[in-house]
Amino acid sequence: MFAQIIVDVPAKGTNRLFDYLIPPSLITTVEIGSRVEVSFGGRVLQGYVVGLSRESNYEISKLKPITRVLDVEPPLTEELVSLARWMSDKYLCHIAAALGVMLPGALKGKAERYVVVNEATVSSADSSLDESLVQTSGQDTMQAIMTFPIQQSILSYLRSKNKVTLPELLDTFAEDIGTVKQMFESGVLQEVQAVRDRLAVRKVLTVFAKFGAEHLREVAEKLPAQAHKQKDTLLAIAEHDKPLRVTELNELVPGAAGAARTLANKGLIELKEVEALRDPYAGRKFVRTDALQLTSDQQIVFQAIEQAVVASYHEVFLLHGITGSGKTEVYLQTIQSCLDLGREAIVLVPEISLTPQMVERFKGRFGDQVAVLHSRLSQGERYDEWRKIKRGLVKVAIGARSAIFAPFKRVGLIIIDEEHESSYKQEETPKYHARDVAIRRAELNDAVVVLGSATPSLEAIHETDYEQDGTGRFKLLSMHNRASGGLLPEVHIIDMRDELKQGNRSMFSKGLYKAIEERLHKKEQTILFLNRRGYATFVMCRTCGYVAQCPHCDISLTYHQKSHAMRCHYCGYAERELKRCPSCDSEHIRHFGTGTQRVEEELYKLFPSIRVIRMDVDTTSAKGSHEKLLTAFRNKQGDVLLGTQMVAKGLDFPDVTLVGVIAADTVLGLPDFRAGERTFQLLTQVAGRAGRHLLPGQVFVQTYMPEHYAIQASSRHDYAAFAEHELEARKARGYPPYHKMMLITFMHEQVPPLIRAASSFADELRKRGAALSMRGDSQLPCLDVLGPVASPIPRIKDRYRFQCVVKYRMDTLASQLVAETAELFEERLAKEKIGFSVDVDPQYLM
DNA sequence: TTGTAGCGCAGT
DNA sequence: CTGCGCTACAAG
């Protein structure tokens, strides 16, 4: 039998199948989806089995065998393997990269090299040494006598330590390199390679009783008085009647760990290392909740989705529900239906809104059937949650983007909450969009996809046949009322230009100031939102306007409070805080502190007694701090919750009646065709935090562009008006969703060769596009190549960047054309060392 | 990606 | 002539 393997080397030359022999001993364990150890081009690495066959086209005598299977059960399924191939086509990434992103970090095995003693040769080597002592004379004998103890000490060194690397050995026996060499030549020592996982399965020392409880009690009673520890321990074990962790035992009987060892020696119990799953939510009680009575809106939506789930009919629903309309309850109940059918469900949530509150709702309803995957878990915890899924111990996976790869076997329902969030697009290779992967995965499983949002992306709304031109693939479901029956908050747009004219130079308008003051009186709470973008923490000289920049990246350095350093966001370059301006020597150089810090200071100035809880990168970096701050706010230990994106989404506090947006238009100024969409989404989301329960809410939006349609529409809670306007604009300019897009970036240390290569690449692509249009599938050009132009960040890590934007109609053809052209240029780009990357459906054109 | 073979150049 | 660095190339 032969296995077709993708080796874990994401590179052009290795992005293909390699045949390997399956040794007879492994024939029953190697499956499609297995992770195996293979030797490949003089080294050992991990590979993924993506196919099995009885024949090989490769010369069989040259095939190498699979040396080891790395997991008890294959970590991937056939379905995930086929999904990886699809991703590789769609996103022009290496299959190894696509497979890699599906596995938890713990399973990225890397080869380790170390020196081993070939025990079989040792005795013969010793005896040959003895012989040489007898047979030879003079210098040879002297040498043998000299090296013999050295050999012995090398051997005992290696036997005492495990996994000694060659450099380590040479370092330790630096004086005797000659002897070490000899030992390698004679075969006594060997360097071997083996794949080792980044992380081991956690083992816990566990007590197993070897006799029944009755017998143990009897023995315990007979123990001498001074052995009371042993007696207590034994009784505790007898009491428990199940295998017990030593740590638990120690809690019951302090000092039991020692006694347990003695008892084990007496043969009464056994101590064994047992595989354990770390539970990040261990010891936390979740209050069980039952299904709520659905509102009529919810009921209609629920029935539509449930019907498809029950019928196992692949369908994509776009659930447009205003903030507070109760989307989560609909999710919970549809998931229940899915589980009732014996199928599993995946719930994707943007990282930022995967709050404890959210987890609680799912754990509360489905208990320990839920696995949670988010970035704040340690690698070990993440691995264990993943294994729960893999082993079928849970039926629901909730997590951020990469949870779409949860290794379930029969996915019946995939829910993507806040579908419009750009964080569903991975910015690193493989640059996949979880929404598209979800739809593909659902197709493969006859599963249902629910995309939920209060502000659907234009891509999604376009797919619902919004314009009734028959192009839609999604079914639109809507919920226009808040589940609580409450009203959407009243939104006031405040023209900051007027404020300035009236002499108000503070960052708070009079209206917002008054509103905050009022909440303080009424003991109600306020959320203040500050968009991070635009309020960068750069360092500027107030005398000459000098801005500290990264010497490698053409981007401003960011000031870091903690280390008093200025850091580059892109390459990590850091230098110490400046006391004087390097350009004009002025002392008036200072950082424009994180926007939130400035706002906080100002708040304390305006309202000396105010209690502000600030949430930004600085205050939430420690593990669990995010949760702590939110709990404090919930317990009304703060009057104001001030923060960046983190406070914009998903939070639900009953006493929040005021939301203030300090500067609504910072995003609008960015050179991005999605700027309007982002602004609308953000404002709508933030506004949705106010007045979610009994108390009515109020929102103040401060802006310098009050007439902008995104701001206007969001203030009226009018998604339809916004969508109509925005779609019109996109259509006119040929942007998504009417055209698809690809961003091709070229990178090099020097500009001229970079421009030359990028230009000829663009020309070639245009030529091919034109040739294809000529063949007449469509009258319109199927491909429009813009650029090359300098990227918005023109240099990163000393490499200049130029980019081409490709707009196109049919995605497979365009990907193919780009792939072909890339292949054609492969040699040239490699030779000139020009970096090249493709982003399909980019979220940001930079 | 990485190990190696092949090549040229410098240093002994 | 050895040794090191660079490049090109292949990997089952």
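All chains are named by letter (A, B, ...) in the order of the sequence lines, taking the proteins before the strands, and each is independently numbered beginning at 1.
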Mind calculating the distance between [atom1] ([X]) and [atom2] ([N]) to the nearest angstrom?
{"X": "Phe2(A)", "N": "dG12(C)", "atom1": "CZ", "atom2": "C1'", "answer": "11 Å"}
{"X": "Leu52(A)", "N": "dG12(C)", "atom1": "CG", "atom2": "P", "answer": "20 Å"}
{"X": "Gln46(A)", "N": "dT2(B)", "atom1": "CD", "atom2": "C1'", "answer": "16 Å"}
{"X": "His94(A)", "N": "dA11(C)", "atom1": "NE2", "atom2": "C1'", "answer": "15 Å"}
{"X": "Arg113(A)", "N": "dT2(B)", "atom1": "CZ", "atom2": "C1'", "answer": "10 Å"}
{"X": "Glu826(A)", "N": "dA8(C)", "atom1": "CD", "atom2": "P", "answer": "14 Å"}
{"X": "Tyr58(A)", "N": "dA10(C)", "atom1": "OH", "atom2": "P", "answer": "11 Å"}
{"X": "Arg43(A)", "N": "dG12(C)", "atom1": "CZ", "atom2": "C1'", "answer": "14 Å"}

Does Lys62(A) have a side-chain nitrogen or oxygen under 4.0 Å from the phosphate oxygens OP1 or OP2 of dG12(C)?
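The answer is no; no side-chain N or O of Lys62(A) sits under 4.0 Å from OP1 or OP2.
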
Taking atom types as modelled, find out whether Thr179(A) and Gln151(A) have a side-chain donor-acceptor pair closer than 3.5 angstrom.
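There is no such pair between these side chains.
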
Given Asp841(A), which of Lys90(A), Lys807(A), Lys425(A) fulfils the salt bridge (charged side-chain N to carboxylate O under 4.0 Å, His left out) condition?
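Considering Lys90(A), Lys807(A), Lys425(A), a salt bridge (charged side-chain N to carboxylate O under 4.0 Å, His left out) with Asp841(A) is found only for Lys90(A).
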
Steps toward ring-ring contact (aromatic ring centres under 6.0 Å, His included) verdict (Tyr157(A), Phe173(A)):
CA-CA 10 Å; Tyr157(A) 174 76; Phe173(A) 295 93; 5.4 Å; yes

Please list, by residue number, the residues of residues 9-26 of chain A whose heavy atoms come closer than 4.0 Å to an atom of DNA chain B; answer none if no residue qualifies.
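Heavy-atom cutoff 4.0 Å gives Val9(A), Pro10(A), Ala11(A).
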
Taking NZ, NE, NH1 and NH2 as the nitrogens, is one of them in Arg159(A) or Glu119(A) under 4.0 Å from a carboxylate oxygen of the other?
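Here Arg159(A) pairs with Glu119(A) in a salt bridge, since their nearest N and O are under 4.0 Å apart.
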
Flag the pair Lys12(A) and Glu826(A) as a salt bridge only when some basic side-chain nitrogen lies within less than 4.0 angstrom of an acidic carboxylate oxygen.
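Looking at Lys12(A) and Glu826(A), the cut-off is not met.
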
Determine, stepwise, if the pair Val115(A) / Thr165(A) fulfils side chain to side chain contact (heavy atoms under 4.5 Å, CB included).
CA-CA 6 Å; Val115(A) 178; Thr165(A) 64; over 6 Å; no

